[in-house]
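Positions are given from 1, in the same order as the sequence printed here. Predicted, not measured: the structure shown is a model, and the values here were computed from it. Note that these values count all heavy atoms, side chains included, but never hydrogens, waters or copies made by symmetry. Whatever order the structure lists ligands and atoms in, that order sets their numbers, starting from 1.
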Amino acid sequence: MTPCHLITGGAGFIGSCHVLQTRAAGIPVLTLDKLTYSGNLANLDSLRDDPGHVFVQGDIGNAELVSHLLRTHRPSAIINFAAESHVDRSILDPEAFIRTNVLGTTSLLRCALAYWQSLNPSEQRDFRFLHVSTDEVFGSLGPDDPAFTEQTPYAPNSPYAASKAASDHLVRAFHETYGLPVLITNCSNNYGPRQFPEKLIPLLIRNALARAPLPIYGTGENVRDWLHVDDHCAAIARVLEAGRPGRSYNIGGRAERGNLEVARAVCALLDEERPHAAGPYADLITFVADRPGHDWRYAMNCERIETELGWRARHSFASGLRETVRWYLDNADWLEAVQSGAYRQWLETNYARR
Ligand code: NAD
Ligand code: TYD
């Protein structure tokens, strides 16, 4: 029987996409997720009757639980998506990011190492620990700077980015010190179905549909490089399959857009798909106080993954964004269900004082 993959954070936005893709490829999956505010079992609804999928609610920092799962399920790979993932929350509560992203990842690494050391030589050779990281570890680019490469020195600016940078360094250190076969992927901003509506694109869609202001931080000129979540997960699968242990791989969409441009594009799509009698959605765009330490621009140079592993993004930003807007319109129940009291409290905390 094919050995399973342990996917942590598999009930979140990107992790759930990866769980679904891995099951579609016929690989059994063990999902471990704490189900924090952004974890959502509804994201895995289609696997409810799938005997090839096991879900366990738990913390990557719970060494006893993780060691038990490794011993009993014997995965051939661990893919670590579990993280606190939102920059604005990290500004208000950095400790939560240290707990999961730094301490949790370190505990997961220790369990993975002990498990890997217990495997026979051929299982050891085939085993991989893939850590999913972000372009934000590299810091901020000016308008004309070349894109980040895998050699760009780390210079994280937010507590979120700093916690991810720390976890990347620890993953790398477990390779150098103990020989654990690790891989790191650093990806740009993702968009697509099932993204929690605290991040820019789903927040814009959610607010537009609620006829609420569309908050743009600062001048709206900050640039992000957007990649569809399906393409990100396909890249991770490719790195897992053929990446060189100890290496990191940049992943990006070659789709740099200013935030205001993204907001206008979302509004134009909504005008077409769900026109409103009160007028164009762009009328709701509102400039608000900037994010402290707001990185100006991210851009990824993906030559390594393209030339070494033959990966290419398949979605264009225009078609991917249209498909994403349609997904949120077609899945109003999903959007409504994630807007708990805690979510409304977050909107109040983050936006009322801006
Ligand atoms: P998300 O917030 O939607 O999902 C995170 C998941 O991790 C949730 O299901 C949550 O319940 C789970 N989790 C949190 N703490 C946990 C813990 N201690 N133990 C077990 N599970 C825990 O985030 P996402 O956007 O899907 O991001 C997933 C990963 O990808 C993160 O590591 C993030 O840093 C990275 N990443 C995200 C982006 C992006 O644009 N969203 C880009 C590059 C990299
Ligand atoms: P976000 O989706 O939080 O991702 P990240 O900070 O990881 O890049 O934000 C994307 C960009 O959108 C970022 O430059 C901040 C900006 N932004 C706004 O202008 N308004 C908002 O309400 C949010 C959430 C983000």
Side-chain angles (χ1 to χ4, degrees), residues 7-19 31-41 43-44 56-62 65-66 79-91 96-97 99-101 103-105 107-108 131-137 140 158 160-161 163-164 167-168 185-192 194-204 206-207 213-227 229 232-233 236 251-252 257-260 262-263 285-291 294-298 300 338 346-347 350-351 354:
I7 301 183
T8 69
F13 163 51
I14 308 173
S16 63
C17 176
H18 197 72
V19 170
T31 300
L32 173 65
D33 196 296
K34 188 175 173 183
L35 297 181
T36 65
Y37 74 92
S38 69
N40 183 355
L41 265 184
N43 293 344
L44 300 173
V56 175
Q57 182 173 5
D59 194 316
I60 55 165
N62 181 342
L65 171 68
V66 170
I79 303 100
N80 183 32
F81 291 92
E84 289 293 336
S85 67
H86 188 36
V87 173
D88 292 319
R89 287 185 191 256
S90 81
I91 293 169
F97 288 69
R99 274 194 296 277
T100 285
N101 301 359
L103 298 175
T105 300
S107 177
L108 183 66
H131 179 65
V132 179
S133 191
T134 165
D135 56 0
E136 305 195 22
V137 297
S140 182
S158 70
Y160 162 67
S163 70
K164 292 297 289 186
S167 63
D168 292 9
T185 53
N186 294 93
C187 188
S188 63
N189 284 61
N190 282 212
Y191 68 98
R194 303 182 191 85
Q195 185 168 32
F196 193 77
E198 64 186 356
K199 305 280 168 60
L200 180 65
I201 289 176
L203 181 97
L204 292 171
R206 180 257 171 213
N207 281 18
L214 307 181
I216 297 298
Y217 298 165
T219 62
E221 292 166 297
N222 302 63
V223 171
R224 298 294 183 260
D225 171 12
W226 294 95
L227 180 71
V229 65
H232 184 190
C233 293
I236 289 170
I251 307 169
R257 299 285 186 281
N259 293 336
L260 187 56
V262 170
I285 291 175
T286 307
F287 292 94
V288 300
D290 209 351
R291 172 188 280 173
H294 194 177
D295 284 338
W296 183 253
R297 172 178 165 241
Y298 304 137
M300 285 304 240
V338 298
W346 164 251
L347 293 184
N350 193 42
Y351 295 100
R354 281 202 132 90

Next on the checklist: Check this for me - ligand 1, T36, N or O atoms closer than 3.5 angstrom, yes or no?
Outcome noted: yes
Next on the checklist: In terms of relative ring orientation, are F196 and Y37 parallel, tilted or perpendicular, with 30° and 60° separating the classes?
Outcome noted: perpendicular
Checklist entry - For F81, is at least one N or O under 3.5 Å away from an N or O on ligand 1? => result yes
Checklist entry - With only distance considered, is A82 within less than 3.5 Å of ligand 1 through an N or O on each side? => result no
Checklist entry - Going by distance only, is there an N or O of N189 that falls short of 3.5 Å from an N or O of ligand 2? => result yes
Next on the checklist: When you compare ligand 1 with E198, is there at least one nitrogen or oxygen pair between them that comes in under 3.5 angstrom?
Outcome noted: no
Checklist entry - If you measure every N/O of L32 against every N/O of ligand 1, is any gap under 3.5 Å? => result no
Next on the checklist: So, 4.0 Å and heavy atoms of V132: is ligand 1 close enough to count as a contact?
Outcome noted: yes
Item to check | The one among H294, R291, K199 that brings a heavy atom closest to atom 9 (O) of ligand 2 | outcome: R291
Checklist entry - Is it the side chain, the backbone, both or neither of F97 that has a heavy atom closer than 4.0 Å to ligand 1? => result neither
Checklist outcome for this item: So for R99 against ligand 1, with non-hydrogen atoms under 4.0 Å, the contacting part is neither
Checklist entry - So F97 and Y160, would you call those rings parallel, tilted or perpendicular, with 30° and 60° as cut-offs? => result perpendicular
